[in-house]
Amino acid sequence: MIRYSLHCEKAHEFEGWFSSSADFDAQLGRGLVSCPVCGSSDVAKALMAPSVATAKKREATRTLAMDAAKSEAFAKIKETLATIRANTDDVGDKFPEEARKIHYGEAKARGIIGQASPQEAKALIEEGIDVAPLPVLPDDVN
């Protein structure tokens with residue numbers, strides 16, 4: 001993903017995320033990029049310096065992008081996910097099989113995490129097996 005600093009004809013500054021430079025150009029050409037302040041579609045990229053993402057800079061960016069309440073909620077989500085991961089067994093793509101074994105008493109009862117397709121998760125729920133998706137956070141994919 002590429003983050004562009006943008007501005008409209010009325011000098012309102014904002015940012016946009018695009019999968020590539022060509023994606024930005026295509027969306028701009030189709031009139032899909034507009035100023036969130038005034039709605040103008042006369043938008044251009046602002047002059048930007050390259051950015052090197054250090055851990056400190058990522059944290060600062062995250063804090064600046066959210067108000068205090070959202071930042072606090074995000075921190076609680078991260079903390080909760082860390083607790084879940086620290087207290088469960090990661091069974092990877094064997095999650096549906098292992099969840100069934102635990103549910104039917106064929107394996108030791110314990111908390112597990114892993115991967116399941118939407119269809120597999122739906123089937124588990126229909127069988128009465130309690131499962132819940134975990135959110136993927138930006139730090140998980142970087």
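Since we're looking at a predicted model, the values are computed, not measured. Quick note: numbers below take in every heavy atom, side chains included, and nothing from hydrogens, waters or symmetry partners.
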Do other residues, nucleotides or ligands put more than 12 heavy atoms under 6.0 Å from the [atom1] atom of [X]?
X    : atom1 : value
E127 : CD    : yes
K122 : NZ    : no
D130 : CG    : no
E79  : CD    : no

From [X] atom [atom1] to [Y] atom [atom2], the distance as rounded to the nearest 0.5 Å:
X    : Y   : atom1 : atom2 : value
I113 : F95 : CD1   : CZ    : 9.0 Å
L28  : L6  : CG    : CG    : 8.5 Å
D90  : T88 : CG    : OG1   : 7.0 Å
D42  : K10 : CG    : NZ    : 10.0 Å
C35  : H7  : SG    : NE2   : 11.0 Å
R30  : S41 : CZ    : OG    : 13.5 Å

hydrophobic_cluster_shared for L134 and I102, side chain cutoff 4.5 Å: no
Any donor-acceptor pair under 3.5 Å linking the side chain of [X] with the backbone of [Y]?
X    : Y    : value
E120 : S117 : yes
Q115 : D93  : yes
D89  : V91  : no
R100 : E98  : no

Salt bridge present between K101 and E97 (N-O < 4.0 angstrom): no
Pair I77-L81, side-chain contact (heavy atoms from CB on, under 4.5 Å): steps then yes or no: CA-CA 6 Å; I77 291 169; L81 287 174; 4.1 Å; yes
Min side-chain heavy-atom separation N87-T83 under 4.5 Å: yes
Where [X] and [Y] come nearest, the two heavy atoms and their spacing:
X    : Y    : result
P135 : R85  : O-NH2, 4.3 Å
C8   : F14  : N-CE2, 4.1 Å
P96  : L124 : O-CD2, 3.8 Å

Test side-chain hydrogen bond (donor to acceptor under 3.5 Å, both in side chains) applied to E15 and S5, step by step: CA-CA 4 Å; E15 66 180 42; S5 291; 5.8 Å; no
Geometric class of the F18/Y4 ring pair [parallel <30°, tilted 30-60°, perpendicular >60°]: tilted
CA sep, side-chain torsions, deciding dist, call: W17, R3, side-chain contact (heavy atoms from CB on, under 4.5 Å): CA-CA 4 Å; W17 290 82; R3 179 185 61 153; 3.5 Å; yes
